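All remarks here apply to the structure that follows.
All heavy atoms count here, side chains included; hydrogens, waters and symmetry mates do not. Keep in mind the model is a prediction, meaning the values are calculated, not measured.
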Amino acid sequence: MVAACRAPQNAAMRPYLALLLVAACAAPEGRYEGSLRRYLLAPNDERAQRAELLRAMLDGDVAPGVRVAAVHQSLLRGDAIDADALLADEAAEWPGAERFLARYRQWMRQPAVQPVAPARAVLLPTVVDRTRQRDVRADVLATLERPLRAAGWWVVPVEVVPELTLALGEHGAALAEGIGERRALDRLVEAGITHWLVVDLFDFLVHEALAVEAARWDFTVRLVDTATGEVLYERRFADQYVRREPVVAFADED
């Protein structure tokens, strides 16, 4: 969603990146990679098999981040795993990752996003820009269509949204402000729109030179069933980022 954050690649690093990719592709598949690949390919109804594959991923010496990968995959697929214990072990073994792990604990307790759209779902995206910054609303709208369509939604094209809003009159004006009154939702139902996605932007700032130097964001995402008015998903995203100066040139950890 942060489409404006485009850090250009360093041309001098490309040969080294290419060598790294070639080496990674040529390397034999290790125990972890094999277990992870089999886990991802395992059918959803094979929970016992997937539990065994999770244990194989965590057997013996565990590479940095593998516990987090196991936790994340188990949460996405609904498999039983002691997430708190694994993340505590990871923090104890890799103290440098404590800050990320603390943030990840917050993320993983948020309600899960349904990755696949319901059958015959037609979604109307709306961005409410409370920042009043130039082009922010357009930047965010431009990033919404592709991931939503990839997840199976039929998305009302962003080029059509302004005209649709005008056609709905006062109801469209309310929707444009993120206000889902019952009469406005009824108009969407009449138009064949089954879901309404609202991105409510409270703060959004990106400062960049050759790379992204600082970023700040605060927005809420809300998905509404137009027929019932039920909020199917709601989550607030708020954070900031400041780029640290690298200790060695071309070795920026960020």
How far does CG of L168 sit from CZ of R183, to the nearest 0.5 angstrom? 13.0 Å

Check E145 against V156 and note the closest heavy-atom contact, atom names and distance. OE2-O, 4.1 Å

Quick check: is W154 connected to V160 through a chain of hydrophobic side chains (ILVMFWY, heavy atoms under 4.5 Å apart)? yes

If you measure from NE2 on H195 to CH2 on W153, what distance do you get to the nearest 0.5 Å? 4.0 Å

Any chain of hydrophobic side-chain contacts (each under 4.5 Å) joining L123 to V189? no

Check for a donor-acceptor pair, side chain of E90 on one end and backbone N or O of P64 on the other, with a separation under 3.5 Å. no

Kindly compute the distance separating CD (E98) from CG (L87), expressed to the nearest 0.5 Å. 12.0 Å

Within the structure provided, determine whether E181 and D186 are in side-chain contact (heavy-atom separation under 4.5 Å). no

Could you tell me whether the side chain of H171 reaches within less than 4.5 Å of the side chain of L188, counting heavy atoms only? no

With a 4.0 Å cut-off, would you call R130 and D203 a salt bridge? no

Side-chain donor/acceptor of T220 to backbone N/O of D200, under 3.5 Å: no

If you measure from CD on E190 to OG1 on T226, what distance do you get to the nearest 0.5 Å? 10.5 Å

I need the L185 CG to I179 CD1 distance, nearest 0.5 Å. 11.5 Å

Can you give me the closest heavy-atom contact between V71 and A83, atom names plus distance? CG1-CB, 3.7 Å

Do the ring planes of F237 and F219 sit parallel (below 30°), tilted (30 to 60°) or perpendicular (above 60°)? parallel

Quick check on the hydrophobic clustering: are L201 and Y233 connected, directly or via other members, by side-chain heavy-atom contacts under 4.5 Å? yes

Check whether any side-chain heavy atom of V155 lies under 4.5 Å from a side-chain heavy atom of L144, and answer yes or no. no

May I ask you to decide if G178's main-chain N or O and R222's side chain share a donor-acceptor pair within less than 3.5 Å? yes

Minimum side-chain heavy-atom gap T165-L175 below 4.5 Å: no

side-chain contact (heavy atoms from CB on, under 4.5 Å) partner of L197, chosen from L124, L232, V221: V221

Working to the nearest 0.5 angstrom, can you tell me the gap between L223 CG and W196 CH2? 11.0 Å

Is there a side-chain contact between I193 and L164 in this structure, where contact means two heavy atoms from C-beta onward sitting under 4.5 Å apart? yes

Is the backbone of V122 close enough, under 3.5 Å, to the side chain of T194 for a donor and an acceptor to pair up by distance? yes

